[in-house]
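Contents: one structure, followed by commentary.
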Amino acid sequence: MTTTTLPPSEKTQPVSAPGHTTSDRARSERKLGWLLAGPALAVMLLVTAYPILQAVYDSLFDYRLTDPDNRSFTGLSNYLVILSDSTWWISMGVTVLITLVTVAVELVLGFALAFVMAKALKAIRPVLRAAILIPYAVITVVSAFAWRFAFAIDTGFVNTWFGWLPGIGADTDWFGGQWSALFVVCIAEIWKTTPFISLLLLAGLAQVPEVLQEAAKVDGATWWQRLRKVTLPNMKAAIMVALLFRTLDAFRVFDSIFVMTAGANNTESVSFLAYRQTISRLEIGLGSAVSVLLFLVVVGIAALFIKGFKVDLASARGEG
Amino acid sequence: MSTKEKTWWIVAGVAIVVYALFPVAWIVSLSFKAPGDLANGQFLPTGGTATRENYTGILTGAGGDLFLPALRNSFGICLIATFISCLLAMFAAYAIARLDFPGKKLILGTALGVAIFPVISIVTPLFNLWRNIGLYDTWPGLIIPYLSLTLPISIWTMSAFFREIPWEMEQAAQVDGATTWQAFRKVIVPLAAPGVFTTAIIAFFIAWNDFVYGISLTSTSAARPVPAALGLFSGASQFEDPTGAIAAAAVIVTIPVVALVLVFQRRIVAGLTNGAVKG
């Protein structure tokens, strides 16, 4: 829920005591700034940088908790083992698929919701905003259970309701196959996280100057032309922020997989693979290597987004 | 606006409300189904068989031994983590909004980096470390990693709020004869309070939603939070189908959070979008 746009330091000049900006004053302000912000920075580094370095270190060892005495340095062989194993590539494929499908659907659906919220009658607007926050408030595990029970053969109503569709009968086992299980996982993820995207897009919509819309209307632009030429370019920043955060979030998918399939039928995500290696199988070395690989992929995606869209982000906000 | 258009907006609005509420309504309905009715293939309990059995089961019966400690753990751990991260973020956000010092970008950038961090990459080394130093399956053993979830968003949201505070007012008060402390307490604190409060709610949600840490760094009811307990719940005995109990527990953990969201919706929307879009 943060942003890739330029940090605000440029526009926030200190308002304190203009005219007294001696170097003494600047120095004490700098000191106070670090004194106040330092602890937060230190805690953030401690809870993330330290563990990831530890993971990098652990990943170089053949290290199993059930057999701690035989811990031995093996260099990069854990990485070789993982990268040459189909399990890794299957979980990678599953993760990429879930990410692409959910982010694409959420973007379209989020836009639709944002448009309705922006244009809806004043009377129903508060109701809509309250409703849209409910999926945000429901924890992922609960949402995963709700969808799992809905699609399950025994407790579900989906097979009863959609029995008229070809291929769906009373005994359709959604969690029995890879594709159908992933379909349900995607639905659960989409339901839970679309509100976040649509709120960000709604905020972006609010930043589109009304004047431009009116001007385009006067010039006879159709709704579709206005959307493409006026609305979308003006909310590029919001779209990019929403896309970046949802992509990275979707890439870490774990809760839904754990609750709905537990990785059965090739539905394991990369996070789940790391969890299974470390926590269930106590293979600290291998698990750490998976964690480090996942971390690198996430950093890569983030770098691509930020590098690829930086210019646009800045100029879209008039700060370029 | 024509009547036809109006009708369309209302239809769209109703569709959104149904979309948002549908799974919640389903889990509520499920939680009131009697064991014999769970597999009726319908959305609602049939033939007037709605029952409170599932709720009494998880609140008093054997399920209670699993569920109630988890509820206590979740509340305690999430509140403490929220408090610590709000406190740290408050200082940091004040410095970012008010003072001029090199390193602002570094702090905001680090927060961004931590926010995109894959949680599972932190869990793997922590699992081993916590076992060695005795933090495994304890409250601090979850509070510390929860800071990686709550601190970044707290810093971003709060600095977005703090930047909109007209800091000149503090000086105006001082010119009017207030001491620095009085000016801060009477002018800045009331202006900053809503932002801090909103940040706290958002941070609390994020901690409350955690599953990976909860399931990896705990093993007993000493520290296991609700989502992890739900994920591992397998019924009071292995022959019992836990569906009804899980549904009831899910409703119990959902109600307070949804209520909180509905009461403070305006602020939460502002907080989520301020931090992200205005940054």
Side-chain angles (χ1 to χ4, degrees), chain A residues 1-3 5 7 9 14-15 29-30 33 36-37 39-41 43-44 47-48 51 54-55 116 120-121 124 128-135 137-139 141-142 145-146 149-150 154-155 157 160 199-200 203 238 241 248 252 254-255 259 271 274 278-279 284 287-288 291 294-295 298 302, chain B residues 9 12-13 16-17 20 23 26-27 30 38-39 41-43 88 91-92 95 99-101 104-105 107-108 110 112 114-118 120-122 124-128 147-148 151 153 156 167-168 209 211-212 216 227 230-231 243 246 250 254 257-258 261-262 265 272-273 275-277 279:
Chain A
M1 330 228 146
T2 48
T3 176
T5 48
S9 44
V15 289
E29 198 165 293
R30 188 177 306 177
L36 290 174
L41 183 68
V43 169
M44 283 194 293
V47 293
T48 49
Q54 181 73 39
V116 175
L121 309 172
I124 60 171
L128 292 188
R129 199 176 39 202
I132 208 74
L133 274 172
I134 286 174
V138 172
I139 65 177
V141 173
V142 168
F145 268 120
F149 290 145
D154 46 357
T155 52
F157 59 87
T160 319
L199 284 178
L200 289 192
V241 171
L248 293 175
R252 298 177 284 188
F254 179 84
D255 311 18
V259 168
S271 282
T278 316
I279 316 290
I284 302 290
S288 298
S291 303
L294 174 63
F295 170 66
V298 166
Chain B
W9 286 121
I16 289 185
V17 173
W26 156 240
I27 203 102
L30 200 56
L38 278 173
Q42 302 296 320
F43 191 82
L88 289 174
F91 292 135
L99 304 172
D100 190 30
F101 67 105
K104 278 185 196 181
K105 276 190 185 180
I107 289 159
L108 287 168
T110 308
L112 182 67
V114 173
I116 65 169
F117 218 88
I120 203 85
S121 298
I122 306 179
T124 306
L126 281 189
F127 173 69
N128 203 16
L147 293 179
S148 76
L151 196 49
I153 180 137
W156 275 93
W167 296 98
E168 301 84 355
N209 190 33
F211 183 63
V212 180
S216 310
L230 267 182
T243 304
I246 290 177
T254 304
V257 190
V258 168
V261 165
L262 294 185
Q265 39 145 327
L272 283 176
T273 49
V277 179

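Just so it is clear, the values below take in all heavy atoms, side chains as well, and ignore hydrogens, waters and symmetry mates. Throughout, protein chains are lettered first and strands after them, A, B, ... in sequence-line order, and every chain is numbered starting at 1.
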Can you give me the closest heavy-atom contact between [X] and [Y], atom names plus distance?
X         : Y         : value
Ile107(B) : Met44(A)  : O-CE, 4.0 Å
Ile139(A) : Pro227(B) : CD1-CG, 3.8 Å
Leu36(A)  : Ala95(B)  : CB-CB, 3.9 Å
Ala115(B) : Arg252(A) : O-NH1, 3.3 Å
Thr48(A)  : Ile122(B) : CG2-CD1, 3.5 Å
Asn209(B) : Asp255(A) : O-OD2, 4.0 Å

Please state whether the side chain, the backbone, both or neither of [X] comes within less than 4.5 Å of a heavy atom of chain A.
X         : value
Ile27(B)  : side chain
Phe127(B) : side chain
Leu30(B)  : side chain
Ser216(B) : both

(request) For Phe91(B), enumerate each residue passing the ring pair (Phe, Tyr, Trp, His ring centres under 6.0 Å) test, keeping only those at least two apart in sequence or located in another chain. (result) none
So which of [options] has the largest heavy-atom pair count under 4.5 angstrom toward chain B?
options                         : value
Phe254(A), Phe149(A), Phe145(A) : Phe149(A)
Leu248(A), Ile132(A), Ile134(A) : Ile134(A)
Ala302(A), Ser288(A), Pro51(A)  : Pro51(A)
Ala274(A), Pro135(A), Ser271(A) : Ser271(A)

(message) Which atoms of Leu41(A) are under 4.5 Å from chain B, going by heavy atoms: the side chain, the backbone, both sets, or neither?
(response) side chain
(request) Below 4.5 Å from any heavy atom of chain B, which atoms of Arg30(A) appear? Answer side chain, backbone, both or neither. (result) both
(message) Tell me which of these, Leu88(B), Leu147(B), Thr124(B), has more heavy-atom pairs under 4.5 Å with chain A than the rest.
(response) Thr124(B)
(request) Select, from Ser148(B), Gly13(B), Pro118(B), the one with the greatest count of heavy-atom pairs under 4.5 Å involving chain A. (result) Pro118(B)
(request) Calculate, to the nearest 0.5 Å, the distance between atoms CG and CD1 belonging to Leu128(A) and Ile16(B) respectively. (result) 5.0 Å
(request) Return yes if some donor-acceptor pair links the side-chain N/O of Ser121(B) with the main-chain N/O of Ser291(A) below 3.5 Å, else return no. (result) yes
(message) Going by the rule side-chain contact (heavy atoms from CB on, under 4.5 Å), which residues pair with Gln54(A) if we only count those two or more places apart in sequence or in a different chain?
(response) Tyr50(A), Tyr57(A), Asp58(A), Pro125(B)
